[in-house]
Amino acid sequence: MTYAITQTCCSDATCVAVCPVNCIHPTPQERAFGSTEMLYVDPATCIDCGACADACPVDAIHPVDSLPPDQQEYAAVNAAYYADRGAAPAPGGHSPNFHAWDAPAFDRSLPSDFGPLRVAVVGTGPAGMYAAEDLLLHTDAEVTLVDRLPVAGGLVRHGVAPDHPATKKVGDTFARFHDHPRVRMLLGVEVGKDLTADELAAHHDAVVYAVGASADRRLGIPGEDLPGSLSATAFVAWYNAHPETAPDSVGPAGAGPSARRVVVAGNGNVALDVARILVADPAALAATDIADHALAALRDSPVREVVLLGRRGPEHAAYSRSELSALRHLPGVSLVVDDHDPRVGAALDAAGPGDKAALLRDLPREAVDWSRTPDEGSGRRIVLRFHSAPLRVEGEERVSSVRVTAGAGELDLPTGMFLRAVGYRGVPVPGLPFDETAGTVPHEAGRVTGMPGTYVVGWIKRGPSGGIGANRSCAAETVGTLLADAVAGTLPPARSTAKALARLARSRNRQVVDAKGLAAIDRAERAAGHENGRPRVKFATVPALVAAARGKRRSPAG
């Protein structure tokens, strides 16, 4: 029996570090790491020890013979990754398809007489926590975790879809560092508002910014700002109880027949997430940590159909194979390919076994009559429409339709809501340089240009690409640069203490939450969830979170 890595793989390579026979690839030292959609177990060398499954933070690794029906395809997916490796050559011989794997390495060291560093990490999402973990496990550094929100987690808490609970488990790995004896937490503190970048730097030897890419990209088409037209970023924040997104910020999808359809521009993983949430059975969502206000709205939602628009063909779709596979197995929801353009069918028919388009070959193809809207009692479905781009959003008081390209012509899709899922974008950090074109902070291997002792990691460093696990190797590079600078003596020395910084922050902001307060929030949310048969009920506003941190009971929306 061998093991296989499945859909929820976060690619952070924890499994690589514990594998005794080096059968999981690509490793962080291999060129393909970070560019593949997931990691893969080599069935030919796996010894069935289970160490990888025990170490996996997101429960993505399982014995092949116990894979559930909707994940059995991953046995073949893992094996296919190694299909072209070929047999090892005889001594002195050569095999054109064989390549030896690099040995995994997770080295991090400082001179034995090197004193402890004081490092601030701004942002408590995956990028920031991988950087903090690296520092805490491999050095004697003291770490101050800073976040503008009064709760930790970043995109693990506010970006991962609620129906992906296994992926959220990586947050438990990070949470073990929240009360680490060398960690101080300042949550609800915003750089540029409560503290300046210079003040943060003055109290630490180094500062690592892991602030992500919180803005959305725009399409630049007429009608984009009509009520009922919004970014997928805002929609995801809404159903994940982001405290900066008002519970009433996403209204109903209009009225009448058009309200039964939602059009989404984009076909990446975020687009698939929002489509899945819109048509999922609310009874299934009720067992997740979805925001209470979103669950209530979805229970009353008339939406029966979600249309995903892709500018290019199915061979260029941005979603991952694993996310599309999950969509194919969504109970009570059909997945259809709009066969409006002959290029779509040609691409599906020509796709090879390993091509992304091959995943759609056996799906129903339909020349959809877009003049009709879904019937009120019809089944729920998701339609993939390729070679079709939005041109403008139509409507008077709110969205009523979206005009899209249709071959050489144009077509109106009646809809009550339009979501753009075309990517994230970083925003400037006060006191740091910013590249407006790339939406990132200029840097060299994580070292911010022209600012000794200041570093970046994650999406604000490399742009909004790569999943949770990609941040581990990104953080390793940045921390490596930071430690090299420390050894070289180029870090500007701290002029005050982290404790003094905490006093300064509290003098300007009376709602600062520390590790004790964060633990109180966690207990309160889990207790509320237990009462309702859910993993947790998230507090959805800053006042509710701060009250929970102080041990006061308020409603999640309070």
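Basis for what follows: all heavy atoms, side chains included, without hydrogens, waters or symmetry-related copies. By convention here, the first residue in the shown sequence is residue 1.
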Exercise for the section: Taking all non-hydrogen atoms of both residues into account, name the closest pair between A275 and L308 and its distance. Expected result: CB-CD2, 4.0 Å
Handout entry: V457 and Y209: CA distance, side-chain angles, deciding distance, side-chain contact (heavy atoms from CB on, under 4.5 Å) verdict
Key = CA-CA 6 Å; V457 68; Y209 287 87; over 6 Å; no
Problem - Side chain to side chain, C15 and L39, heavy atoms closer than 4.5 Å - result: yes
Handout entry: Basic-acidic side-chain contact under 4.0 Å: E305, R380
Key = no
Exercise for the section: Return yes if a side-chain donor-acceptor contact under 3.5 Å exists between N471 and R462, otherwise no. Expected result: yes
Practice task
State whether the number of non-hydrogen atoms from other residues, nucleotides or ligands found under 6.0 Å of R217 atom CZ is greater than 12.
Solution key: yes
Exercise for the section: Identify whether the distance between the nearest side-chain nitrogen and carboxylate oxygen of D338 and R385 falls below 4.0 Å. Expected result: yes
Practice task
Ignoring hydrogens and angles, tell me if any N or O in the side chain of T124 forms a donor-acceptor pair with the backbone of G153 under 3.5 Å.
Solution key: yes
Problem - Close side-chain approach of V64 and V41, heavy atoms under 4.5 Å - result: no
Exercise for the section: Supply the atom-to-atom distance S334 OG to L327 CG, rounded to the nearest 0.5 angstrom. Expected result: 10.0 Å
Handout entry: Evaluation steps, side-chain contact (heavy atoms from CB on, under 4.5 Å), between R425 and E436
Key = CA-CA 10 Å; R425 176 178 170 80; E436 289 287 352; 3.4 Å; yes
Handout entry: Straight-line distance of L411 CG to R403 CZ, nearest 0.5 Å
Key = 8.5 Å
Handout entry: Test item: L391 and E410 side chains (from C-beta on) under 4.5 Å apart, heavy atoms
Key = yes
Practice task
Check step by step if side-chain contact (heavy atoms from CB on, under 4.5 Å) holds for V263 and L309.
Solution key: CA-CA 7 Å; V263 176; L309 301 177; 3.7 Å; yes
Exercise for the section: Could I get the full list of salt bridge (charged side-chain N to carboxylate O under 4.0 Å, His left out) partners for D300, not counting sequence neighbours? Expected result: none
Problem - T14 side chain reached by C56 side chain, heavy atoms, under 4.5 Å - result: no
Exercise for the section: Indicate whether any N or O donor in one side chain lies under 3.5 Å from an N or O acceptor in the other, for K461 and T440. Expected result: no
Problem - T6 side chain near I61 side chain, heavy-atom distance below 4.5 Å - result: no
Practice task
Answer yes if the side chains of S325 and E73 hold a donor-acceptor pair under 3.5 Å, and no otherwise.
Solution key: yes
Exercise for the section: Verify, without hydrogens or angle tests, whether N78 (side chain) and Y74 (backbone) share a donor-acceptor contact under 3.5 angstrom. Expected result: yes
Problem - Taking every non-hydrogen atom, the tightest pair across A318 and N267 - result: N-OD1, 3.3 Å
Exercise for the section: Supply the atom-to-atom distance D172 CG to F174 CZ, rounded to the nearest 0.5 angstrom. Expected result: 10.5 Å
Handout entry: Partner set under salt bridge (charged side-chain N to carboxylate O under 4.0 Å, His left out) for D355, not counting sequence neighbours
Key = none
Practice task
Can you measure from OG (S214) to NE2 (H158) and round to the nearest 0.5 angstrom?
Solution key: 13.0 Å
Practice task
Mind running side-chain contact (heavy atoms from CB on, under 4.5 Å) on V307 and R261 for me, showing each step along the way?
Solution key: CA-CA 8 Å; V307 183; R261 175 183 293 139; 4.0 Å; yes
Problem - R372 atom CZ, over 12 foreign heavy atoms within 6.0 Å - result: no
Completion exercise
Quick note, ring-ring contact (aromatic ring centres under 6.0 Å, His included) partners involving residues 26-52, not counting sequence neighbours, are Y40-Y81
Problem - Residues that R276 engages under salt bridge (charged side-chain N to carboxylate O under 4.0 Å, His left out), provided they are two or more places apart - result: D163, D273, E323
Exercise for the section: Evaluate the side-chain proximity of R398 to F418: yes if any heavy-atom separation is below 4.5 Å, no if none is. Expected result: no
Practice task
Using atom types as modelled and distance alone, determine if a side-chain donor or acceptor of N240 lies under 3.5 Å from a backbone N or O of H242.
Solution key: no
Exercise for the section: Taking S473 for its side chain and A470 for its backbone only, find out whether a donor-acceptor pair lies under 3.5 Å. Expected result: yes
Exercise for the section: Nearest 0.5 Å please: distance from the CG atom of L335 over to the CZ atom of R328. Expected result: 7.5 Å
Exercise for the section: Compare every heavy atom of T373 with every heavy atom of P414, then report the nearest pair and how far apart it is. Expected result: CB-CG2, 4.0 Å
Completion exercise
Taking every heavy atom of V344 against every heavy atom of P314, the minimum-distance pair comes out as O-CG, 4.2 Å
Problem - Exercise: identify the closest heavy-atom pair between L348 and R361 - result: O-NE, 3.1 Å
Exercise for the section: Output yes when a side-chain donor or acceptor of T405 lies under 3.5 Å from a complementary backbone atom of A389, and no otherwise. Expected result: yes
Exercise for the section: Assess the side chains of H25 and E30: does a donor N or O sit below 3.5 Å from an acceptor N or O? Expected result: yes
Handout entry: Distance, nearest 0.5 Å, that separates CG of D59 from OG1 of T8
Key = 7.0 Å
Exercise for the section: Could you list the residues that satisfy ring pair (Phe, Tyr, Trp, His ring centres under 6.0 Å) with Y424, not counting sequence neighbours? Expected result: W459
Fill in the blank from the handout: The single option from L272, L278, V274 that satisfies side-chain contact (heavy atoms from CB on, under 4.5 Å) with V306 is L278
Handout entry: side-chain hydrogen bond (donor to acceptor under 3.5 Å, both in side chains) pairs, two or more places apart, involving residues 225-236
Key = R218-D225
Exercise for the section: For the residue pair H340 and E366, establish whether any side-chain heavy-atom pair is separated by less than 4.5 Å. Expected result: no
Exercise for the section: State, with a plain yes or no, whether a side-chain heavy atom of R304 is found less than 4.5 Å away from one of V279. Expected result: no
Handout entry: Heavy-atom pair of closest approach, residues I460 and G439
Key = CD1-O, 4.1 Å
Problem - Given D292, T288, D289, the one that forms side chain to side chain donor-acceptor pair (under 3.5 Å) with R534 - result: D292
Exercise for the section: Before accepting this row, confirm whether a basic side-chain N of the pair E37/K356 lies closer than 4.0 Å to the acidic partner's carboxylate O. Expected result: yes
Exercise for the section: Any chance you could lay out the salt bridge (Lys or Arg N to Asp or Glu O under 4.0 Å) test for R365 and D349, step after step, and finish with the verdict? Expected result: CA-CA 12 Å; R365 305 180 197 177; D349 294 336; 2.9 Å; yes
